[in-house]
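Read the numbers this way: they start at 1 and go in the same order the structure lists the ligands and their atoms.
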Amino acid sequence: MVKQTITIPSQALPVSYTPDVVVVGGGASGVAAAMAAARNGASTLLIEQRGYLGGMGTAALVPAFCPYTDGEKPVIRGIGLDLLEKMKQAAGEGFLKQYKEQLDWVPIDVETLKRVYDEAVLASGAQVLFHTVADQVLLEGDRISGLIISNKSGRSVVQAKLYIDASGDADLAALAGVPFQVGGEQGELQPGTMCYVVTGADKARFYQFLEETGEHKQLEQTVVKAQQNGDLPEGRKRISGMAWISDSVVGFNFGHIFGIDGTKAEDLTRAAIEGRKLIDTQIRFLRKYVPGFEHIHLVHSGDQIGIRETRRIQGDYTLVVEDFLSMRTFEDDIARNSYFIDIHLANATSTMTIKHLPKGQSHGVPYRCMLPVGKSNLIVAGRSVSSDRPVQGSLRVMPNCFAMGEAAGVAAAMASAAGLAGFREVPIAELQRNLIAQGAWLGEQPGKAYVAAAVGSVTFEDECK
Ligand SMILES: Cc1cc2nc3c(=O)[nH]c(=O)nc-3n(C[C@H](O)[C@H](O)[C@H](O)COP(=O)(O)OP(=O)(O)OC[C@H]3O[C@@H](n4cnc5c(N)ncnc54)[C@H](O)[C@@H]3O)c2cc1C
């Protein structure tokens, strides 16, 4: 709790960079945004606080990419799909052989992915600045006139024409005074997870165990048994995600740390410490209860706790659960989403909220969700765009973030090239044409607003404890 404030002397700061477009945050949305902006001719600077790209997919070791398809066809295409294929190609023969045809739930080979991102972003012509935090914005009316960055070289100002907030937490928008909401009405938040990678597992033995026992790979019966024996803490009665990177190396997304606000350093600190402690408990559980895991060794835990949810900005349009359920299509769609609503329990005794769309179906993601109210040259891409909480629980996954990022980047380059005042002046039909020409998929009839016939026939409910 802050008890007092101190006024610091005013300071003259050097201007360090003057790109057309600056992107803050190098996760899925920021990587795609920077690549798209640069490929479309804008001089582009990508700022990332860590020493590598990938956001939650690398820093937090989220073990797999969520589905790119609606169960029938790829919905997320363009840069996101291209990066997935590049990772498969670069991960080695064994990995490629196993996942060549797969587009849904492809495991993340973290060290390969970091390199794929480096190469792809640099090849696009964008410049990358690592180990740098964006921590203040300068405002002139409804415009951002500068961004203050801090790194080992000191503090300096980046002056760009267009600003893309891909920080995952809407840091830039919050610094610029854009209204936002964190979590639910009572401040409830999805829990964090400290993901990790183990080696020394035996895949064949594990699958034989599943077959012999009828257990599912989320190990429901085994997890419950261990919870009853006091070998695992209370909470979700299954493993959220297990991703086999090779026959002996596995990534885990398992268990929850509750009550973490990812915009608070103290919470992140507590979560890091509790998360590592929980991993130790889980490793003991895996060795003791799960055939094939007797001899595992922990090789890496996340550099930070995985954060599913923080701020959602108030944008020109807020995508709500009724839009999701009715599979609504908007005139200004810049992406389609078919991933299910996937809200993890806010505390150890509550439930998951899961809602799938029918196979082959998706809804539109309008451009206006990315436009923060009251700011002209700022756009937000990624998990913090303007939506209600249920929709955030669906939109938040990495394939969607690639698609939103790509749209933000193309829009920024268009605005820069045409000398537009900001993102609202970007002609939507032209943006959609450009996205489609560059590989994105915007549905069967892009630009035509309609509500699918399924409206009203789908109810929103808890399907899964
Ligand atoms: C435990 C867990 C499991 C998940 N499982 C899956 C899954 O299986 N598949 C899937 O597709 N998705 C999954 N997700 C969701 C997905 O990983 C994230 O929602 C997604 O990565 C969000 O992308 P983003 O680009 O919006 O933000 P992020 O990935 O969070 O990237 C933001 C980047 O911005 C940087 N940054 C932030 N603030 C600043 C600043 N002020 N200055 C400089 N840099 C900054 C960060 O370091 C980070 O690199 C999971 C998430 C979690 C936490």
Discussion item. Between S338 and D70, is there a side-chain donor-acceptor contact under 3.5 Å, judged purely by atom types and distance?
Written reply: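 No, no side-chain donor-acceptor pair sits under 3.5 Å.
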Worksheet item: Does a donor on one side chain sit under 3.5 Å from an acceptor on the other, for S376 and D142?
Response: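 S376 vs D142: donor-acceptor pair found between side chains.
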Under 3.5 Å, N/O to N/O: give me all the pairs between ligand 1 and the protein, one per line with atom names and distance.
{"from": "ligand 1", "atom 1": "8 (O)", "to": "A64", "atom 2": "O", "distance (Å)": "3.1"}
{"from": "ligand 1", "atom 1": "9 (N)", "to": "A64", "atom 2": "O", "distance (Å)": "2.8"}
{"from": "ligand 1", "atom 1": "9 (N)", "to": "C66", "atom 2": "N", "distance (Å)": "3.1"}
{"from": "ligand 1", "atom 1": "11 (O)", "to": "C66", "atom 2": "N", "distance (Å)": "3.0"}
{"from": "ligand 1", "atom 1": "11 (O)", "to": "M398", "atom 2": "N", "distance (Å)": "3.0"}
{"from": "ligand 1", "atom 1": "19 (O)", "to": "R396", "atom 2": "O", "distance (Å)": "2.5"}
{"from": "ligand 1", "atom 1": "25 (O)", "to": "A28", "atom 2": "N", "distance (Å)": "3.4"}
{"from": "ligand 1", "atom 1": "25 (O)", "to": "S29", "atom 2": "N", "distance (Å)": "3.1"}
{"from": "ligand 1", "atom 1": "25 (O)", "to": "S29", "atom 2": "OG", "distance (Å)": "2.6"}
{"from": "ligand 1", "atom 1": "26 (O)", "to": "S29", "atom 2": "OG", "distance (Å)": "3.4"}
{"from": "ligand 1", "atom 1": "26 (O)", "to": "R383", "atom 2": "N", "distance (Å)": "3.1"}
{"from": "ligand 1", "atom 1": "29 (O)", "to": "M56", "atom 2": "N", "distance (Å)": "2.9"}
{"from": "ligand 1", "atom 1": "30 (O)", "to": "R383", "atom 2": "NH1", "distance (Å)": "2.9"}
{"from": "ligand 1", "atom 1": "38 (N)", "to": "D171", "atom 2": "OD2", "distance (Å)": "3.3"}
{"from": "ligand 1", "atom 1": "41 (N)", "to": "A134", "atom 2": "O", "distance (Å)": "3.1"}
{"from": "ligand 1", "atom 1": "41 (N)", "to": "D171", "atom 2": "OD2", "distance (Å)": "3.0"}
{"from": "ligand 1", "atom 1": "42 (N)", "to": "A134", "atom 2": "N", "distance (Å)": "3.1"}
{"from": "ligand 1", "atom 1": "44 (N)", "to": "Q49", "atom 2": "N", "distance (Å)": "3.2"}
{"from": "ligand 1", "atom 1": "47 (O)", "to": "E48", "atom 2": "OE2", "distance (Å)": "2.7"}
{"from": "ligand 1", "atom 1": "47 (O)", "to": "Q49", "atom 2": "NE2", "distance (Å)": "2.9"}
{"from": "ligand 1", "atom 1": "49 (O)", "to": "E48", "atom 2": "OE1", "distance (Å)": "2.6"}
{"from": "ligand 1", "atom 1": "49 (O)", "to": "E48", "atom 2": "OE2", "distance (Å)": "3.1"}

Practice prompt. Show your reasoning for whether salt bridge (charged side-chain N to carboxylate O under 4.0 Å, His left out) applies to R115 and E119.
Written response: CA-CA 6 Å; R115 206 165 39 75; E119 285 172 11; 3.6 Å; yes
Discussion item. Exactly one of R308, R383, R396 should register a salt bridge (charged side-chain N to carboxylate O under 4.0 Å, His left out) with D169. Which one does?
Written reply: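 Exactly one candidate clears the test, R383.
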Practice prompt. Would you please indicate if the ring centroids of Y367 and Y317 are separated by under 6.0 Å?
Written response: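 No - the distance between ring centres of Y367 and Y317 does not fall below the 6.0 Å cut-off.
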Item to complete: Take D323 and H363 through the side-chain hydrogen bond (donor to acceptor under 3.5 Å, both in side chains) test and state the conclusion after the steps.
Response: CA-CA 7 Å; D323 299 325; H363 69 82; over 6 Å; no
